[in-house]
Amino acid sequence: MRAAVLRGPEPISMEDITLDEPRAGEVLVRVVACGVCHSDYHTVNRAKAGALPAPVILGHEVGGIVEAVGPGVMSVVEGDHVVCAFKPNCGACYFCVRGQPQICERSDYPDRLFNGSSPRLRDEGGNPVQQGIGVGGYAQYSLMPERGVVKVREDAPLDRICLVGCGVTTGVGAALRTAKVEAGSDVAVIGLGGVGLNVVQGARLAGARRIIGVDTVASKAELGAKFGMTDFVNAAEVDAVEEVRRLTNDRLDYAFEAIGLGRTSEQAFGMVRRGGTAVIVGVVGDSITIPGLAFLGEKRLIGSFFGSAKLQYDIPVYVDLYMDGKLNLDDLVSKKRPMPEINEAFADMMAGTVARSVMEPVG
Ligand code: PAD
Ligand code: ZN
């Protein structure tokens with residue numbers, strides 16, 4: 001198959017890759033569309049720093065069609081439309097059984113096939129190639145564990161609902177499942193990319209009163225409004241913490257960080273009221289420093305991973321909400337591109353000029 005392979009500091013390029021037949025409990029998915037998420041870019045940054053352990057196919061927001069199933073697979077058959085989940089759950093570990101499948105301890109990357117056999121892809125020289133974040137969606141096919149593949153309705157367009165595989169579930173779930181935003185709450189979202197815009201629409205679904213978006217790109221004012229944002233703060237022009245506190249009269253209930261920076265995480269904590277909750281959704285590579293005395297005001301700082309999703313249940317529900325007009329996925333897809341244009345799609349994301357790009361395989 002043709003796939004976009006990241007090898008090091010140089011740009012990603014297309015290569016011929018071979019992959020195994022699905023073994024027991026595995027599903028081979030033909031990729032129809034794959035969204036471009038910032039999480040992939042953390043790996044690009046590692047590669048730029050010369051710290052990539054092995055060649056990798058990035059991409060983890062896949063909508064596709066089942067091509068083949070391995071022995072014992074019960075939940076999908078060939079031809080089913082599916083969304084791939086970058087964090088599968090085993091259904092049997094301590095965390096799955098206690099109702100937190102989003103932090104399943106058996107599916108930590110890279111062994112997301114649950115059988116220690118990763119990687120199962122090889123390049124033309126016969127060398128192993130990793131599936132980025134367990135999916136490897138910038139390719140014609142992805143080999144997935146059954147517990148990371150969710151059957152979805154066939155009338156839903158795969159070039160939209162692919163985004164439910166990460167950004168939608170992560171953002172909407174952060175508001176609905178992790179924070180459990182109550183109707184009438186005032187909410188701020190720092191970072192209005194593919195994830196942050198979904199926190200905005202999750203808060204809208206929850207019935208939030210005021211939803212304040214914070215970003216450094218002025219065009220996000222118009223875009224955020226399409227998802228339910230009521231106010232926009234341009235962090236390039238004003239102090240975001242002061243402005244949000246002023247707008248809410250110091251009564252902000254929830255702040256979500258959806259960028260992945262220590263500084264903006266500190267801003268999220270700084271803008272919520274006494275007893276309020278700051279939720280860290282972004283993948284923060286540096287440290288977060290906060291004044292300890294703030295905890296005397298019962299402020300809470302919590303993490304959110306994959307929208308605290310019970311993915312086998314949540315993914316079909318989020319697809320239904322889109323099909324019922326209650327979630328906006330159409331305005332999330334700013335651009336569709338053929339897979340060889342992945343470097344250009346990353347550049348768009350870093351410039352903040354797109355909500356999401358969606359890549360389509362060629363071969
Ligand atoms: P994105 O690059 O599409 O969006 C980031 C947004 O932040 C852009 O609109 C930027 O303009 C804006 N921004 C950048 N710097 C600032 C700043 N200083 N102040 C205000 N706004 C700023 O990224 P994304 O939405 O795809 O991902 C966001 C983060 O979420 C990223 O760290 C990603 O790795 C993480 C993520 N986490 C999970 C999870 O389960 N926790 C899942 C998926 C993605
Ligand atoms: Zn992602």
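As the structure is a prediction and not an experimental result, all values here were calculated from the model. In this chain, residues are counted from 1 in sequence order. Both ligands and their constituent atoms are indexed starting at 1 by order of listing. Side chains included, hydrogens not; waters and symmetry mates left out as well; all remaining heavy atoms used.
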Quiz item: What are the atoms of ligand 1, with element, lying closer than 4.0 Å to any heavy atom of G194?
Solution: 3 (O), 25 (O)
Quiz prompt | Metal-centred angle, the Zn ion (ligand 2) as apex - NE2 of H60, SG of C166, 10° resolution | solution = 120°
Quiz item: Between S39 and ligand 1, which residue portion shows a heavy-atom distance shorter than 4.0 Å: side chain, backbone, both, or neither?
Solution: both
Quiz prompt | Close-contact set for ligand 1 against C166 heavy atoms, below 4.0 Å | solution = 42 (C), 43 (C)
Quiz item: Can you tell me if Q140 uses its side chain to pair, donor with acceptor, with the backbone of R2 under 3.5 Å?
Solution: yes
Exercise. Please say which of D108, T170, T169 ends up in a side-chain hydrogen bond (donor to acceptor under 3.5 Å, both in side chains) with K87.
Key: D108
Practice problem: Using modelled atom types only, decide if a donor and an acceptor are shared between the side chain of E257 and the backbone of L261 within a distance under 3.5 Å. | Solution: yes
Self-check item: Closest non-hydrogen atom pair between V195 and A258, with its separation
Solution: CG1-CB, 4.3 Å
Quiz item: Counting only heavy atoms, which portion of H42 has something under 4.0 Å from ligand 1: side chain, backbone, both, or neither?
Solution: side chain
Quiz item: Hey, is the Zn ion (ligand 2) within less than 2.8 Å of some N/O/S atom on C37?
Solution: yes
Practice problem: Just need the protein heavy atom nearest to atom 23 (O) of ligand 1, so name the residue and atom and give the distance. | Solution: H38 CB, 3.1 Å
Quiz prompt | Connected via hydrophobic side-chain network under 4.5 Å: I288 and F305 | solution = no
Quiz item: Between the side chains of K180 and Y254, is a donor N or O closer than 3.5 angstrom to an acceptor N or O?
Solution: no
Self-check item: Nitrogen or oxygen of G352 less than 3.5 angstrom from that of ligand 1
Solution: no
Practice problem: Anything under 30° is parallel, anything over 60° is perpendicular, the rest tilted; go ahead and classify H38 against H42. | Solution: tilted
Practice problem: Around atom 4 (O) of ligand 1, find the nearest protein heavy atom and jot down its residue, atom name and distance. | Solution: G193 CA, 3.2 Å
Exercise. Enumerate the atoms of ligand 1 whose separation from the nearest heavy atom of L192 is less than 4.0 angstrom.
Key: 6 (C), 9 (O)
Practice problem: Using a strict cut-off of 4.0 Å, indicate which atoms of ligand 1 neighbour a heavy atom of G282. | Solution: 29 (C), 30 (O), 32 (O), 35 (C)
Quiz item: Under 4.0 Å from any heavy atom of V217, which atoms of ligand 1 are there?
Solution: 11 (O)
Quiz item: Which pair of non-hydrogen atoms, one from P101 and one from C96, has the smallest distance, and what is that distance?
Solution: CA-SG, 4.0 Å
Quiz item: Is D286 paired with R263 through a side-chain N to carboxylate O contact shorter than 4.0 Å?
Solution: no
Self-check item: Nearest protein heavy atom with distance in Å, relative to atom 25 (O) of ligand 1
Solution: V195 N, 2.9 Å
Practice problem: Only heavy atoms count here, so choose which of G196, A258, A235 is nearest to atom 5 (C) of ligand 1. | Solution: A258
Practice problem: Could you tell me whether D250 and R273 make a salt bridge, using a distance below 4.0 angstrom between a side-chain N and a carboxylate O? | Solution: no
Quiz item: Of all the atoms in ligand 1, which lie at a distance below 4.0 Å from a heavy atom belonging to M349?
Solution: 2 (O), 3 (O)
Quiz item: Counting heavy atoms only, which of L261, I259, T216 is nearest atom 29 (C) of ligand 1?
Solution: I259
Quiz item: Who gets closest to atom 12 (C) of ligand 1 by heavy atom: D348, V281, D215?
Solution: D215
Quiz item: Mind checking whether F232 and F227 have ring centres under 6.0 Å apart?
Solution: no
Self-check item: R210/D231 salt bridge by N-O under 4.0 Å criterion
Solution: yes
Self-check item: Atom of A255, atom of M271 and distance for their closest heavy-atom approach
Solution: CB-CG, 3.9 Å
Quiz item: atom 26 (O) of ligand 1: which protein heavy atom is closest, and how many Å away?
Solution: R356 NH1, 2.8 Å
Quiz item: Which residue and non-hydrogen atom of the protein lie closest to atom 38 (C) of ligand 1, and at what distance in Å?
Solution: T170 CG2, 3.5 Å
Quiz prompt | Element-labelled atoms of ligand 1 that are located less than 4.0 Å from some non-hydrogen atom of F306 | solution = 39 (C), 40 (O)
Quiz item: If you count the atoms of ligand 1 from 1 in the order shown, which ones are under 4.0 Å from a heavy atom of K220?
Solution: 9 (O)
